[in-house]
Amino acid sequence: MRIGYACLTVGVPRTSFRTCLLKNASNEKLETVIAHNLDALDHILDYNEAHRIRMFRITSDLIPFGSSPVNRLPWPALFEEEFNGLGRKIKETGLRVSMHPGQYTVLNSPDPRVVQNAAADLAYHARVLDLLGVSPEHKIVLHIGGVYGDKKTAAQRFIANYHRLADAVRQRLIIENDDRSYAIEEVLDISAATGAPVVFDNLHHTAKPSNTQRTVLDWIRQCRSTWQHGDGLQKIHYSQQAGGKRPGAHSESIRLEEFAAFYEGLEGLDLDIMLEVKDKNQSALRCMEWLESRKSFKA
DNA sequence: CCGCGTCAAGTTCAT
DNA sequence: ATGAACTTGACGCGG
């Protein structure tokens with residue numbers, strides 16, 4: 001079991017990412033920012049290794065406008081050395097990385113331009129992971145997308161567009177339930193038609209549940225069957241509700257008792273758990289410490 | 001130099 | 001039909 005965190009660190013020097021506004025995205029500006037961001041990622045890898053963190057999501061903002069025609073910089077070639085070095089470090093330290101395009105990457109839109117942009121964005125994410133030289137166990141997580149008043153048709157469009165994606169994308173793509181439109185059972189149906197492994201997200205599941213007769217562990221076990229050998233260990237997303245905020249808002253930090261109850265509910269199932277929490281690495285470390293103390297207590 | 005409005009994406013919902 | 005909300009941290013301008 002690995003515990004991971006997403007995109008950013010809290011309290012770690014030289015790990016902040018930069019970006020620029022669209023209107024300022026000159027080649028010179030982009031080159032400076034990308035060089036900075038690859039260096040920041042390098043420091044994050046060092047931090048993860050020093051703290052035995054073995055799972056991490058790389059921010060989609062690593063390369064600003066990475067899938068946009070606005071970015072005409074030949075960054076893959078320019079930074080080949082840096083990517084090689086980062087990839088070597090990832091492999092040497094046994095880190096499992098992933099990426100996760102946000103809510104604006106919509107593969108099932110009825111607008112072909114939106115679909116084209118989504119495909120380009122997914123290709124960008126796969127490009128980054130390929131440049132790092134990491135295996136297909138290092139995934140790209142995607143939500144299904146919009147509903148457009150007709151979920152059946154929208155799901156079919158996702159499936160059709162999935163099959164048109166490049167191999168390099170499809171071998172990394174995994175799909176996740178969201179908190180508004182596509183509940184876990186619907187994502188599992190789409191997985192059956194595409195072969196894409198399913199990421200179970202507990203907080204999204206609470207906000208948008210499928211059949212409530214079934215337990216969380218039931219759903220996680222069913223998701224497990226969508227993960228094949230080359231995909232690596234099944235991953236899930238775990239987060240907790242922020243008190244007083246809208247349903248689905250991520251908490252500031254992980255409440256350990258609640259995490260412990262969730263963990264015990266897994267009944268020993270081995271998983272990789274990506275935490276989605278504001279204080280990032282700090283909660284990851286606390287959860288890892290809790291796991292360690294639990295093991296020594298049990299032993 | 002601080003603070004806060006703006007940004008970038010696409011869908012959905014409110015006006 | 002038009003636009004705000006959603007989401008997020010960092011940008012970048014005004015004071």
For nucleotides C:dG9 and B:dT12, find the distance between their C1' atoms and express it as a whole number of Å. 24 Å
Rounded interatomic separation in angstrom, taking CG from A:N108 and P from B:dT12: 8 Å
Side chain of A:R180 (C-beta onward), nearest among C:dG9, B:dT12, B:dA8: B:dT12
Between B:dG10 (P) and A:D111 (CG): distance, integer Å: 8 Å
Can you check the distance between B:dG5 and C:dA5, where both ends of the measurement are the P atom (answer in whole Å)? 13 Å
How long is the line joining CG of A:L122 and P of B:dG10, in whole Å? 13 Å
First encountered from the 5' end of DNA chain C, between A:Q103 and A:F17: A:Q103
Should the ring pair A:W290 and A:Y263 be called parallel, tilted or perpendicular, given that the plane angle runs from 0 to 90° and is split at 30 and 60? perpendicular
Given atom CG of A:L30 and atom P of C:dC11, what is their separation to the nearest angstrom? 13 Å
Of the listed nucleotides (B:dT12, B:dA8, C:dA10), which one gets closest to any side-chain atom of A:V147? B:dT12
State whether A:E276 and A:R57 are salt-bridged, where the test is any N-O pair (Lys NZ or Arg NE/NH1/NH2 against Asp/Glu carboxylate O) under 4.0 Å. yes
Output the single nucleotide from B:dA8, B:dG10, C:dC6 whose closest atom is nearest the side chain of A:R246. C:dC6
Between A:L62 and A:W75, is there a side-chain heavy-atom distance shorter than 4.5 Å? no
Measure from the side chain of A:V114, starting at C-beta and using heavy atoms only, and say which of C:dC11, B:dT11, C:dG9 lies closest. B:dT11
Could you measure between the two P atoms, the one in B:dT6 and the one in C:dG3, and give it in whole Å? 15 Å
If the P atom of B:dA14 is compared with that of C:dT7, how far apart are they to the nearest Å? 15 Å
Starting from C1' on B:dG10, measure out to CZ on A:R157 and report it in whole angstrom. 13 Å
When we call it a touch if two heavy atoms are under 4.0 Å apart, what does A:K29 touch: a base, just sugar-phosphate, or nothing? sugar-phosphate
Measure the distance from CG on A:D178 to P on C:dT7 and round it to the nearest whole Å. 12 Å
Could you check whether A:E176 and A:H204, counting side-chain N and O atoms only, form a donor-acceptor pair closer than 3.5 Å? yes
Whole-Å distance separating the CG atom of A:N37 from the P atom of C:dC11: 9 Å
Just to confirm, is there a sub-4.0 Å distance from OP1 or OP2 of C:dC11 to any side-chain nitrogen or oxygen of A:N24? no
Is the distance between the ring centroids of A:H143 and A:Y182 less than 6.0 Å? no
Using a heavy-atom cut-off of 4.0 Å across all strands, would you classify A:S109 as base, sugar-phosphate, or nothing? sugar-phosphate
Mind checking if A:D61 touches a base, just sugar-phosphate, or nothing, with heavy atoms under 4.0 Å? nothing
Please determine whether side chain to side chain donor-acceptor pair (under 3.5 Å) holds for the pair A:D61 and A:T19, giving the CA-CA distance in whole Å, both sets of side-chain angles, and the decisive distance to 0.1 Å. CA-CA 7 Å; A:D61 297 330; A:T19 184; 5.9 Å; no
Could you give the NZ-to-C1' distance, from A:K245 to C:dT7, as a whole number of Å? 11 Å
Look at the side chain of A:V106 and decide which nucleotide, out of C:dG9, B:dG10, C:dC11, has an atom nearest to it. B:dG10
